[in-house]
Protein chains: 4
Amino acid sequence: MAGETRMSQPAKTSRGRDRRNSLLDSAREVFEELGYFDTRVADIVAHAKVGHGTFYSYFDSKDDVLRALIDNLVEATYSASAMPIDHSGGPRDHLRATIVQFMDAYRERAGMHRILVQATSYSAEFLSRRLEIKEQFLGRIEQSIVAWQQRGVAPLDLDPFHAATALGGMVEDAAFAQYVLHQPIDEQIMITTLTTIWSQTVGLPESHSTPPVTI
Amino acid sequence: MAGETRMSQPAKTSRGRDRRNSLLDSAREVFEELGYFDTRVADIVAHAKVGHGTFYSYFDSKDDVLRALIDNLVEATYSASAMPIDHSGGPRDHLRATIVQFMDAYRERAGMHRILVQATSYSAEFLSRRLEIKEQFLGRIEQSIVAWQQRGVAPLDLDPFHAATALGGMVEDAAFAQYVLHQPIDEQIMITTLTTIWSQTVGLPESHSTPPVTI
Amino acid sequence: MAGETRMSQPAKTSRGRDRRNSLLDSAREVFEELGYFDTRVADIVAHAKVGHGTFYSYFDSKDDVLRALIDNLVEATYSASAMPIDHSGGPRDHLRATIVQFMDAYRERAGMHRILVQATSYSAEFLSRRLEIKEQFLGRIEQSIVAWQQRGVAPLDLDPFHAATALGGMVEDAAFAQYVLHQPIDEQIMITTLTTIWSQTVGLPESHSTPPVTI
Amino acid sequence: MAGETRMSQPAKTSRGRDRRNSLLDSAREVFEELGYFDTRVADIVAHAKVGHGTFYSYFDSKDDVLRALIDNLVEATYSASAMPIDHSGGPRDHLRATIVQFMDAYRERAGMHRILVQATSYSAEFLSRRLEIKEQFLGRIEQSIVAWQQRGVAPLDLDPFHAATALGGMVEDAAFAQYVLHQPIDEQIMITTLTTIWSQTVGLPESHSTPPVTI
DNA sequence: GATGAATGAGTCTTCATTCAT
DNA sequence: AATGAATGAAGACTCATTCAT
């Protein structure tokens with residue numbers, strides 16, 4: 001399915017970079033509207049108002065644009081989660097802010113998250129990419145649980161990896177249900193609920209006395 | 001213009017039922033091996049050792065078999081979650097048993113759950129079917145949370161619907177990660193972790209004194 | 001297309017004859033409703049409420065029933081045109097009666113005439129059958145023109161064969177337009193018009209004195 | 001579900017137009033040789049020496065080429081019947097010239113007329129197209145009959161519409177018998193016969209004194 | 001570089017006919 | 001004799017990708 005992953009043309013000139021970005025945008029918009037499978041290369045080039053040949057001078061294949069888009073999503077997700085968060089409140093406030101940050105980032109790219117799920121079920125290559133995002137996310141959670149255990153806040157009999165997997169999966173699933181499946185979920189109540197479940201699991205007090213731990 | 005006869009699933013005879021089941025099994029096995037998209041009708045009929053026409057006398061299309069398989073999955077999932085659970089232990093034991101029951105049912109049909117996710121991302125019709133399963137599952141959780149709140153066990157400021165969505169999503173995601181994505185998760189630790197998170201959220205005591213509430 | 005025309009099973013027993021006729025009727029009805037091409041053998045056997053196998057024990061193929069039905073049509077057409085006609089009136093009355101007889105016979109079997117035209121354009125074999133009917137019809141006309149010429153009524157410079165072809169074609173086309181294409185034609189006016197054109201061509205007087213010539 | 005782009009006849013370039021015409025010619029030739037039903041798209045593309053896809057980038061389906069060919073036939077028929085006719089002779093000469101013009105046009109496109117009849121018996125859409133041609137033809141005849149009646153030449157008790165239907169059908173049937181069915185008809189004798197029948201019906205004198213009426 | 005016409009392998013689906021029961 | 005399940009050849013159509021202009 002994947003083949004030997006020829007790298008798509010780099011496009012040195014600025015004009016080439018623009019064209020490539022334009023195609024990337026078109027591909028994303030069409031994918032988000034029709035889904036990956038129902039999108040034909042013809043749809044993308046029509047949307048970008050270029051010829052078929054142009055598409056293939058920037059990307060090796062339909063899979064290749066998808067790859068590029070997923071790369072962008074991965075990168076954006078990394079950047080988003082690396083953004084600093086206000087530490088002024090207590091640990092629960094901080095946790096809540098972290099969850100809000102995640103939900104915001106997800107909502108903003110909900111269309112591509114839908115495509116990522118499609119791609120995941122279509123090729124092992126894209127599954128790896130998706131797991132890569134998830135592991136990065138879960139790794140940070142695991143570290144924060146370990147930190148809380150070291151401070152004597154979180155119970156020591158909680159397995160950090162499995163708890164991170166459970167809690168992280170919970171948050172991601174909530175985001176998917178809300179922003180991709182458009183389930184009738186109230187954003188604020190859901191954030192409060194997620195924060196509560198998470199806090200109780202790792203033993204965060206309601207008060208603001210405990211020093212914050214960055215997720 | 002065309003004749004008016006268009007029947008799939010004609011056979012009421014036992015031979016016809018057998019043939020249909022055989023095709024259904026073949027379809028499931030091939031879907032599980034290759035995924036829905038990479039499966040050709042030719043693969044299914046070859047696996048079932050029948051002619052192309054035979055396939056089309058039991059099913060209207062490739063989509064139609066998928067529909068039938070998903071129907072079976074939905075039905076099986078309903079049945080599984082309706083099975084009685086041992087009530088001899090305390091509430092936590094009971095919750096754990098319920099989670100174990102879910103994980104067992106999921107593991108047993110992991111292949112089809114993978115296909116369900118694929119189908120979900122491919123057609124709105126299958127998405128509805130999947131949400132149907134999930135709502136049934138989440139509805140039961142929501143009711144149990146309400147019951148615990150009425151007994152004064154679960155905190156009243158916990159929104160039952162959103163908590164059910166979060167906790168249910170958490171468990172389903174864990175099952176998916178474990179049995180479909182084959183993430184390196186330890187079954188027992190994960191079950192303990194899920195039980196702990198859930199119990200703490202709804203206020204279940206560690207001891208065995210509280211009367212059980214059926215999920 | 002036709003192959004070597006194996007004669008379809010003769011059906012010696014009366015039960016067999018009934019079955020065969022029942023199938024023939026079903027085939028005709030379905031052909032008339034759907035047209036030959038859009039009719040599937042499945043439609044015929046469903047209409048006759050018999051199994052596929054039964055069909056093939058009375059007919060060799062789908063073409064074969066069509067052949068049988070066209071044979072019936074040819075035979076019926078021969079019989080109809082051989083029926084005696086009231087000779088009491090003058091020659092024009094007689095001609096008119098003959099045309100009426102033709103139109104009646106055509107109307108009664110309009111559905112099969114439509115099928116005959118379809119079959120004609122589909123296989124040379126059926127074309128021959130159709131021409132056979134037509135030649136029989138035109139031959140009679142030609143003879144009557146010759147007779148009128150011998151009586152000094154019809155002009156001698158009229159070529160009997162070509163006039164018969166023209167006049168016969170005119171009448172057949174009118175029948176087709178009226179009964180198959182359902183063009184908005186008034187039956188009585190059309191019959192009068194055809195009679196007039198024909199009479200003038202062959203010199204029939206308006207009065208009733210000329211002795212009749214049977215077509 | 002599918003993309004929204006569905007274009008046939010895209011090419012506005014001269015190359016595209018050429019290709020389309022080449023396919024149209026191939027389709028016509030193959031249809032004329034094998035008949036519409038026995039022609040496969042594969043036959044057409046083989047004859048045109050292009051790939052399958054090329055066919056489908058100019059036409060939506062096998063039906064679609066047929067539609068295009070019939071459109072051409074309709075157009076050509078309109079043009080042909082609109083061509084001026086020599087008025088120097090008497091009314092009979094003029095009528096004869098009109099009939100000759102029709103027969104010439106029919107002979108030239110006999111192959112397509114055969115296909116038109118096939119198409120007619122296959123789909124109501126094509127039947128409409130055929131009737132469209134015929135009505136245009138019969139309408140002109142009807143008008144000329146009315147004109148002759150107004151001049152006191154044609155008998156007033158002749159119904160113009162039904163007479164036009166009868167006479168027009170006669171001529172068309174003669175053309176079909178001659179050029180499509182290849183019946184042993186002598187062209188000149190047939191034209192004389194048709195002219196005679198028609199003339200006598202509408203009362204045209206043999207002499208050249210009556211002023212001509214254009215059909 | 002850009003274009004879009006051309007390609008053809010790949011799939012689904014139909015239905016006349018056969019034959020085991 | 002009757003049945004109807006099974007067959008599989010046949011054919012329409014799609015669309016990612018190539019390449020001549």
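Just so it is clear: chains get the letters A, B, ... in the order the sequence lines come, proteins before strands, and each one is counted from 1.
- In this structure, the salt bridge (Lys or Arg N to Asp or Glu O under 4.0 Å) partners of B/R67, at least two apart in sequence or on a different chain, are B/D64, B/E125.
- For the side chain to side chain contact (heavy atoms under 4.5 Å, CB included) test with A/I70, the passing option among A/I133, A/L116, A/T120 is A/L116; the others fail.
- Among residues two or more places apart in sequence or in another chain, the salt bridge (Lys or Arg N to Asp or Glu O under 4.0 Å) test is passed with A/R114 by none.
- Listed by chain and number, the residues in a ring pair (Phe, Tyr, Trp, His ring centres under 6.0 Å) with C/F126 amount to none (sequence neighbours excluded).
- Proximity of A/S57 to the phosphate of E/dG1: no side-chain N or O atom is located under 4.0 Å from OP1 or OP2.
- For DNA chain F, the stems formed by at least three consecutive Watson-Crick or G-U pairs, with both atom-pair distances below 3.5 Å, span E:2-21 with F:2-21.
- A 4.5 Å side-chain heavy-atom check between A/H47 and A/D25 finds every atom pair outside the cut-off.
- Between the OH atom of D/Y58 and the P atom of E/dG4 there is a distance of 12 Å, given to the nearest Å.
- Between the B/T54 side chain and the B/V50 main chain, no donor and acceptor come within less than 3.5 Å of each other.
- For B/L34, the side chain to side chain contact (heavy atoms under 4.5 Å, CB included) partners are B/V30, B/D38, B/T39, B/D43, not counting sequence neighbours.
- Rounded to whole angstrom, the span from the CZ atom of A/F37 across to the P atom of F/dA16 amounts to 12 Å.
- Residues of residues 41-53 of chain D that place a heavy atom closer than 4.0 Å to DNA chain E, in numerical order, are D/V50, D/G51, D/H52, D/G53.
- Out of F/dC13, E/dT13, F/dA6, the shortest distance to the side chain of B/R19 is found at F/dA6.
- Considering only side-chain atoms of C/R40, the nucleotide from F/dA12, E/dC15, E/dA6 that sits closest is E/dC15.
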